[in-house]
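Below: one structure, written as structure tokens.
The sequence lines fix the lettering, A, B, ..., with proteins before strands; numbering per chain opens at 1. Note that these values count all heavy atoms, side chains included, but never hydrogens, waters or copies made by symmetry.
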Amino acid sequence: NAGVTQTPKFQVLKTGQSMTLQCAQDMNHEYMSWYRQDPGMGLRLIHYSVGAGITDQGEVPNGYNVSRSTTEDFPLRLLSAAPSQTSVYFCASSYSRQGYGYTFGSGTRLTVV
Amino acid sequence: ELKVEQNPLFLSMQEGKNYTIYCNYSTTSDRLYWYRQDPGKSLESLFVLLSNGAVKQEGRLMASLDTKARLSTLHITAAVHDLSATYFCAVDMRQGAQKLVFGQGTRLTINP
């Protein structure tokens, strides 16, 4: 049981480049989310999904796209990287039933130069 | 807009002492979560609090929720060095979607 797997762990991009952060979970969780963590600001929600084919925007969605074609996978796409997107990105998943907290992946540290 | 505020943001304490971290939130919610994060690591779920008056304990940590006061507390009893970490509370914005709004985090340092 791998839990929530994020790849890559580290990435350096040049301004304007695009890339996809991968997230996969093997727990059959309905809910999946992407957060970014910046120093002194806690975590902020980028996009989330309540099931395959259903996604919605969070607090800071600009510059990011998501899709959820399967229950297991929830990739995050950076369309045109900007230095302001330098951050640590966490993917998380959970059951839809009450009583369960999110399981977080190990994170992707992204630097945009 | 839901806002979640933790205090203190930084806490340095000695082993053996007791202390409390506070988490206030601005709008009605009855689902609150506590997480622990070690430097450079992911977040580990500590407690899920789902109703007014909920109290949960694990080892030296105890969390409670008062939905009327919009306040949760994380109490540390007889602190030990291994509890040094950053602690986050997070509140569910909306039922059915688990959109979490996080506090800024409390960096806890426990000195021998």
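When side chains are defined from C-beta on, B/Y35 does not count as touching A/L43, because their heavy atoms never get closer than 4.5 Å.
Remark: B/R70 CZ is packed, more than 12 non-hydrogen atoms of other residues, nucleotides or ligands lying under 6.0 Å away.
Nearest heavy-atom pair across B/S42 and A/S106 is CB-CA, 3.9 Å. Contact record, B/K99 with A/Y35: C-OH, 4.5 Å, taken as the closest heavy-atom pair.
Residues B/F47 and B/Y25 share a single hydrophobic cluster, defined by chaining ILVMFWY side chains whose heavy atoms lie under 4.5 Å apart. There is no path of hydrophobic side-chain contacts, each under 4.5 Å, that joins A/Y31 to A/F74. The hydrophobic clustering, which links ILVMFWY residues whose side-chain heavy atoms are closer than 4.5 Å, places B/V55 and B/L61 apart. Note on A/Y64 and A/L21: same hydrophobic cluster, where clusters join Ile, Leu, Val, Met, Phe, Trp and Tyr whose side-chain heavy atoms are under 4.5 Å apart, directly or indirectly. Cluster membership for A/V60 and B/L43, using ILVMFWY side-chain heavy atoms within less than 4.5 angstrom, is not shared.
Counting Ile, Leu, Val, Met, Phe, Trp and Tyr side chains that sit under 4.5 Å apart, directly or through other members, B/F10 shares a hydrophobic cluster with B/L9. Applying the under-4.5 Å side-chain rule to Ile, Leu, Val, Met, Phe, Trp and Tyr, the cluster around B/Y22 extends to B/L71.
Neither the backbone nor the side chain of B/E44 has a heavy atom closer than 4.5 Å to any heavy atom of chain A. With a threshold of 4.5 angstrom between heavy atoms, A/E30 does not approach chain B through any atom at all.
Within residues 79-94 of chain A, the residues having any heavy atom closer than 4.5 Å to a heavy atom of chain B are A/F90, A/S94, listed by residue number. Interface residues of residues 101-112 of chain B toward chain A, defined by a heavy-atom distance below 4.5 Å and sorted by number: B/F102, B/G103, B/Q104.
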